[in-house]
Structure formats: C-alpha cells, structure tokens
Amino acid sequence: MERLKLVLQYFQSNSESISNGICIVLALVSVKLYTSFDFNCPCLPQYNKLYSLGVMTVPPIIFFFLGVLVNRHTGVMMDEWMRPVGNRSKNPAVVKYLFSAMLQRALLAPMVWILVTLLDGKIFICAFSVSVDPGLFSGVPNNTGLDVIRIMAKVPCKEDVIFQNSSFRKAVSRYVRCYSQAVGWSILLFLIVLGAMGRLIKPCFEDHAAFLQTRYWSNYLDVEQKLFDETCVLHARDFARKCVVQFFEDMTEDSILHLPHPPFISNVSERWEEEEERLHGVTRQEQMDQLLNKWYYGKPELDVTRIAHRPRPCLAGGNLEPTYLLGCYY
C-alpha cells in the first residue's frame, strides 16, 4: 500500500510525471483492449491481409494521436513555437526538447499494441498464411474442390470443416506464429538496444550544460503557463464577485449587508482587501483584454532582478515596527 502511495505521489508531483502516468495508462489500455478484442479473420484471399494490416495499424494511430492529445508538452510546445517574439526571444532547442518528449510518450501505447499483436501471432497468421508454401507440410486437404490459395486463406479459421481431423492447419499456424514472434522479439530487442545506446552515447556527443539549460527552460514554460492559468482563474473569480456585488449595490443601497458569506471567512473587510490586491488595479473589461493581449504578444522578459531586490519589512533589533532592508535573512 505504501508503494502504491509513493507511485501515486510521483505521478501527481509535476506535469511531466502526470504525462508519464497518462502514457502508461494508455499502454495498459491498449493491452487490455487487445486481449478483450474478438479477432475474426475473414478467411478470404482478397481480404485477409487488408483486414489484418488494418487491425495492426489503425489502433496504434488512434493511440498515437490520443497520446499527443493528452500530453501537456504538446500545448506548451505549440504555444512556444507559434507565439510572437515580443520581449522574449525563442529558443529552438526548447521546442525541439518538448517535441522529443511529446513524441516519445505518444509512441509508447502504439508500440505496445504492435508488440502484443506480433507476440500473439493471430493477426500475422491471418495476413500471411496465403504466402506460405503448402509443400512444406503434409496433409494438405486436396478433396475440397478449392484451389490452394483459398485453402491457405482458411488456415486462421480453425472451425472450418476442411481442416477436421487434419494437422495441416496447426502446422501452418505454428510456422507463421514463429515468424511473428521472431519479428516481435526482434523489434523489442532493437528498441531496448537503441535506448541503451542512446543513454550511453548521447552524453559523449552532447553538451550536458546546454541540455540542463534546455530542460530547465522547458520546465519553466510548463510551470509559467500553469501559474498564469491559476492566476487568471483567481482573478476572474474575484472580478466576477465584484461585478455581482456591484450589481446588487446598484439595485439597493443596503443589500451588501445581507449578502451571504462563506462560513470560513471571519473578517469580511480583510477578504475584500485581499481581493483588491488580486485584482491588481484591473477594473474594466477593456483593461483585462489589453493585459491578456500584452501577455500573448509581448511575453515578459526573463529577468526578475527588480522584484528580487525589492525591500522587504524585517523586525530588526527587537523593534516591533517593520524596518525595510534590502536583504533580510532572519
């Protein structure tokens, strides 16, 4: 139970962890969907391969676009790529890093689906049973009145009457399934080796300091967008509350005294002062529209020197009155 809590805390810690968790869930959903999917081969030469390739490719494409859709890196990457330069220059390395992170996570569920289908082998048998040379096996049903291609196309259909009391179908199915599993294990091995080689070789050809900078600023963009959205929600709530109160004040002078307040608010005046601070002087729709327009077309410069050196009140020397100092560490 404790380990499960740690896993859940990790997936809720930041946006990157949430994206990882969503991609893992999509991968598990793809496995569950395949195991519950009732695959029925048409057993017709002209449709077997088309149907099998459709089952093997269409769901991975759907899972890929779902991974792109639910990945937060997608929105952050597109915002950074499409935004005007304004007061802040663009960093192509950050966009490239976000695209790589989005692509890796989006490809997880499709690759799981493809590997599961290959290791299971049913789809591969349906697609390529016609391509097998029947002369490699004994017991070919030759009294059915069907040509060899139609007989081989019916191999995936084990309930077909032409294969009763015959080991031919099982032998062909086992033969094709071995090829399917060999391809599946080969792809899995290739991906593991590729990932391991990338981990080992990439640091030798990449500036680690530049990579840390790119990763930092990609995380910054994610956090900045999240904080901006949260601040907009708080501002909109306070702005709406002010509009409602003002409406009732215009209707009757003393209605403000009868407005219900939440039970956890003990001091209404302090609450109003806090809301005034969160409004930041924005009192009209035109002002808010101009502010949002300025945020989009001229993102603030990445420099917090002015606010970092703002004097802060400190209690110095036992004096109860606040003293404004440039550096206060006690």
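Everything quoted here is computed from the prediction, not taken from an experiment.
- Side-chain N or O atoms of S30 include one that pairs as donor or acceptor with a backbone N or O of A27 at under 3.5 Å.
- Among all heavy-atom pairs drawn from D120 and R177, the shortest one is O-NE, 3.2 Å.
- Within a 6.0 Å radius of CD in Q46, more than 12 heavy atoms belonging to other residues, nucleotides or ligands are found.
- Residues L292 and C232 share a closest heavy-atom pair of CD2-SG, 4.4 Å.
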(message) side-chain contact (heavy atoms from CB on, under 4.5 Å) for M111 and I187? Distances and angles first, verdict last.
(response) CA-CA 9 Å; M111 290 307 303; I187 293 176; 4.0 Å; yes

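- Formation of a donor-acceptor pair under 3.5 Å by the T74 side chain with backbone atoms of V68 is found in this model.
- In this structure, OG in S129 is found 11.0 Å from CD1 in I149, a value given to the nearest 0.5 Å.
- Under the 3.5 Å distance criterion, the side-chain polar atoms of R150 are left unmatched by any main-chain donor or acceptor of P45.
- At least one donor-acceptor pair under 3.5 Å links the side chain of N48 to the backbone N or O of A153.
- Between the side chain of R88 and the main chain of E301, no donor-acceptor pair closer than 3.5 Å is present.
- No side-chain heavy atom of R169 sits less than 4.5 Å from a side-chain heavy atom of K154.
- Atom CG of L53 and atom CE of M56 lie 7.0 Å apart (nearest 0.5 Å).
- In terms of hydrophobic clustering, with Ile, Leu, Val, Met, Phe, Trp and Tyr side chains grouped at heavy-atom distances under 4.5 Å, V116 and L118 are assigned to a common cluster.
- Open room surrounds CH2 on W185; 12 or fewer heavy atoms of other groups in view lie less than 6.0 Å from it.
- By the neighbour-count criterion of 12 heavy atoms within 6.0 Å, atom CZ of F37 is densely surrounded, having more than that number from other residues, nucleotides or ligands.
- Atom OH of Y220 sits in a crowded spot, with more than 12 heavy atoms from other residues, nucleotides or ligands closer than 6.0 Å.
- In this structure, Y296 and M82 approach most closely via the heavy-atom pair OH-O, 4.0 Å.
- Counting non-hydrogen atoms of neighbouring residues, nucleotides and ligands closer than 6.0 angstrom, the NZ atom of K90 exceeds 12 such neighbours.
- Residues M197 and V193 have side chains in contact (heavy-atom distance under 4.5 Å, counting atoms from C-beta outward).
- The backbone N or O of V85 sits less than 3.5 Å from a side-chain atom of R83, completing a donor-acceptor pair.
- Counting heavy atoms from C-beta outward, M288 and L291 have side chains that approach closer than 4.5 Å.
- Panel note: side chain Q287, backbone T283; a donor-acceptor pair is recorded below 3.5 Å.
- Both Y216 and V94 are members of a single hydrophobic cluster when ILVMFWY side chains are connected at heavy-atom separations under 4.5 Å.
- Taking the six-membered ring for Trp and thresholds of 30 and 60 degrees, Y51 and F39 have nearly parallel ring planes, at less than 30 degrees apart.
- With a 4.5 Å cut-off on side-chain heavy atoms, I125 and S180 do not count as touching.
- No more than 12 heavy atoms of other residues, nucleotides or ligands sit less than 6.0 Å from atom OH of Y179.
- Side-chain N or O atoms of S36 include one that pairs as donor or acceptor with a backbone N or O of K32 at under 3.5 Å.
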(message) Between F99 and M102, is the side-chain contact (heavy atoms from CB on, under 4.5 Å) condition met? List the steps.
(response) CA-CA 5 Å; F99 177 77; M102 179 270 295; 3.7 Å; yes

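- Here the CG atom belonging to L98 is positioned 12.5 Å from the CG atom belonging to L103, to the nearest 0.5 angstrom.
- Sulfur-to-sulfur, C126 and C41 sit under 2.5 Å apart at their SG atoms.
- Atom NE2 in H73 sits 13.0 Å away from atom CD in E80 (nearest 0.5 Å).
- Rounding to the nearest 0.5 Å places CG of L50 at 11.5 Å from CG of L44.
- Contact detail for P110 and P60: the closest heavy-atom pair is CG-O, 3.3 Å.
- Between F168 and M152, the closest side-chain pair of non-hydrogen atoms falls below 4.5 Å.
- F211 places a side-chain heavy atom less than 4.5 Å from the side chain of Y97.
- With N219 contributing its side chain and R215 its backbone, the two residues share a donor-acceptor pair below 3.5 Å.
- Tracing side-chain contacts under 4.5 Å through hydrophobic residues (I, L, V, M, F, W, Y), one never reaches F65 starting from L28; they form parts of separate clusters.
- The pair K226-D229 does not count as a salt bridge, with every side-chain nitrogen at least 4.0 angstrom from each carboxylate oxygen.
- Two residues are said to be in side-chain contact when any heavy atoms from C-beta on lie closer than 4.5 Å; F63 and V112 fail this criterion.
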(message) Go through it in stages, so that I can follow the logic: the residues are F137 and Y175, the test is ring pair (Phe, Tyr, Trp, His ring centres under 6.0 Å), and I'd like the CA-CA distance, side-chain angles, deciding distance and then a yes or no.
(response) CA-CA 10 Å; F137 310 94; Y175 178 78; 5.5 Å; yes

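- Cluster annotation: V176 and I123 are assigned to the same hydrophobic cluster (Ile/Leu/Val/Met/Phe/Trp/Tyr, side-chain heavy-atom contacts under 4.5 Å, transitive).
- Hydrophobic clustering, with ILVMFWY side chains joined whenever heavy atoms are under 4.5 angstrom apart, groups V95 together with V76.
- Taking CZ of F124 as the start and OG1 of T117 as the end, the distance is 10.0 Å to the nearest 0.5 Å.
- Side-chain contact between K49 and F128 is present, with heavy atoms from C-beta onward closer than 4.5 Å.
- Around atom OH of Y47, no more than 12 heavy atoms belonging to other residues, nucleotides or ligands sit under 6.0 Å away.
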